[in-house]
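Convention: sequence-line order gives letters A, B, ...; per-chain numbering from 1.
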There are 2 protein chains.
Amino acid sequence: MNAAPTNSSPRSPGSRPQQLDAVSKAIIEQLQEDGRRSYAEIGKAVGLSEAAVRQRVQKLTEAGVMQVVAVTDPMQLGFYRQAMIGLKVTGDTTAVAEELGRIPSVDYVVLTAGSFDVLAEVVCENDDDLIELLNKRIRAIEGVLSTETFVYLRLHKQFYNWGTR
Amino acid sequence: MNAAPTNSSPRSPGSRPQQLDAVSKAIIEQLQEDGRRSYAEIGKAVGLSEAAVRQRVQKLTEAGVMQVVAVTDPMQLGFYRQAMIGLKVTGDTTAVAEELGRIPSVDYVVLTAGSFDVLAEVVCENDDDLIELLNKRIRAIEGVLSTETFVYLRLHKQFYNWGTR
DNA sequence: AGTGAAACGACCGTAGA
DNA sequence: TCTACGGTCGTTTCACT
């Protein structure tokens with residue numbers, strides 16, 4: 001095989017991507033179905049011993065390729081109103097992004113190229129909360145020129161990725 | 001035991017939202033930090049026995065309030081180009097959403113109100129892949145009138161849960 | 001809904017091909 | 001990087017509160 005990229009350094013932000021073999025992909029798929037599945041059971045599914053699965057999961061986690069975490073459903077918790085908000089910004093976009101990130105109702109912030117400078121996803125209990133969030137918090141941030149709100153009608157597909165640094 | 005095959009859909013439609021007490025919130029927080037943390041350890045942290053923690057986690061999961069899953073980092077896997085795509089659609093938006101959902105590179109699809117009918121997040125390896133995805137797959141879907149692409153410059157914040165704060 | 005106890009199974013470190 | 005194995009700890013079931 002080629003030089004094995006055995007990086008034991010735990011999650012360096014600038015580390016290069018690693019190519020996953022079929023087995024690691026299969027392990028990740030197992031954990032995407034159920035993050036609590038036992039290593040032994042995963043091993044049976046992918047044809048590896050329990051210890052080997054454990055080692056690979058540990059390496060994938062330490063390398064920052066994958067994480068096992070709990071995710072919650074806003075709807076089930078009474079947050080009935082979600083929306084994506086496109087923002088046009090003057091000046092420094094990162095400053096606006098940081099302000100947005102401090103708002104608990106804002107769960108997703110990304111700087112973009114295009115007719116919006118920033119996209120932010122928000123989670124609210126109802127329309128009144130959304131209005132207040134927009135007027136009192138988001139549109140009050142210095143540098144925010146305008147917002148356009150895309151109220152969610154139905155979330156159709158969601159696959160959990162992760163990449164915040 | 002209980003036949004509970006619910007891996008395909010994270011939502012359980014029709015069920016009412018439930019109010020979480022402080023203990024369940026604490027349990028969810030523990031699993032947010034590490035989805036593989038043992039019930040015993042969580043029990044010590046929240047002041048409950050292992051069996052009690054396990055029961056609550058099982059109920060929260062079955063109710064669709066929470067899921068423990070693996071999330072991956074596209075960047076670490078060589079997917080350097082992410083974008084949000086706003087679509088204008090003629091006719092049935094759900095049909096377009098379903099087509100979009102079948103594309104593996106599309107990890108997020110939501111029907112919206114506003115100047116876009118559908119928002120879709122995509123994950124690509126590079127710009128060429130993005131161009132091909134747009135032209136050959138997305139803009140080829142029947143009913144898609146136009147697309148606007150917001151290329152991600154930097155993902156600034158991403159949360160997987162909202163109800164526990 | 002919670003606890004406690006005992007049987008069982010999973011997890012972890014170490015050794016070795 | 002994997003398997004094998006033994007000690008330890010977590011999970012499961014059940015009887016009880």
With a 4.0 angstrom cut-off to heavy atoms of chain B, pull out the first and last contacting nucleotide of DNA chain C, in 5'-to-3' order.
C/dA1 to C/dC11

For A/E98, what residues pass the side-chain hydrogen bond (donor to acceptor under 3.5 Å, both in side chains) criterion, not counting sequence neighbours?
none

Partner set under ring pair (Phe, Tyr, Trp, His ring centres under 6.0 Å) for B/Y39, not counting sequence neighbours:
none

Length of the line joining B/K44:NZ and D/dT11:P, which is rounded to integer Å
11 Å

Rounded to whole Å, please give me the gap between OH in A/Y39 and C1' in D/dG10.
13 Å

I'd like to check the side-chain hydrogen bond (donor to acceptor under 3.5 Å, both in side chains) partners of B/T147; sequence neighbours left out, ordered by chain and number.
B/R139

Does B/S24 use its side chain to pair, donor to acceptor, with the backbone of B/L20 at less than 3.5 Å?
no

Output one line per pair: protein atom, nucleotide atom from nucleotides 3-6 of chain D, and distance, for all N/O pairs under 3.5 Å.
unit_1 : atom_1 : unit_2 : atom_2 : d
D/dT3  : OP2    : A/S49  : N      : 2.8
D/dT3  : OP2    : A/S49  : OG     : 2.5

Could you list the residues that satisfy side-chain hydrogen bond (donor to acceptor under 3.5 Å, both in side chains) with B/D127, not counting sequence neighbours?
B/R81

For residues 90-135 of chain B, which residue pairs qualify under ring-ring contact (aromatic ring centres under 6.0 Å, His included), counting only residues two or more places apart or in two chains?
A/F150-B/F116

Through direct or indirect side-chain contacts below 4.5 angstrom among Ile, Leu, Val, Met, Phe, Trp and Tyr, which residues connect to B/I85?
A/L153, B/L87, B/V89, B/V96, B/L100, B/I103, B/V106, B/V109, B/L111, B/V118, B/V122, B/L130, B/L133, B/L134, B/I138, B/I141, B/V144, B/V151

Set of residues satisfying salt bridge (charged side-chain N to carboxylate O under 4.0 Å, His left out) with respect to A/D128, sequence neighbours excluded
none

Considering residues at least two apart in sequence or located in another chain, which fulfil the side-chain hydrogen bond (donor to acceptor under 3.5 Å, both in side chains) criterion with A/N126?
none

Would you give me the side-chain donor-acceptor pairs under 3.5 Å for residues 40-55 of chain B, sequence neighbours excluded?
unit_1 : atom_1 : unit_2 : atom_2 : d
B/S49  : OG     : B/A52  : N      : 3.3

Axis-to-axis angle between the two ends of the helix from C/dA1-D/dT17 to C/dA17-D/dT1 (five base pairs per end, rounded to 10 degrees)
40°

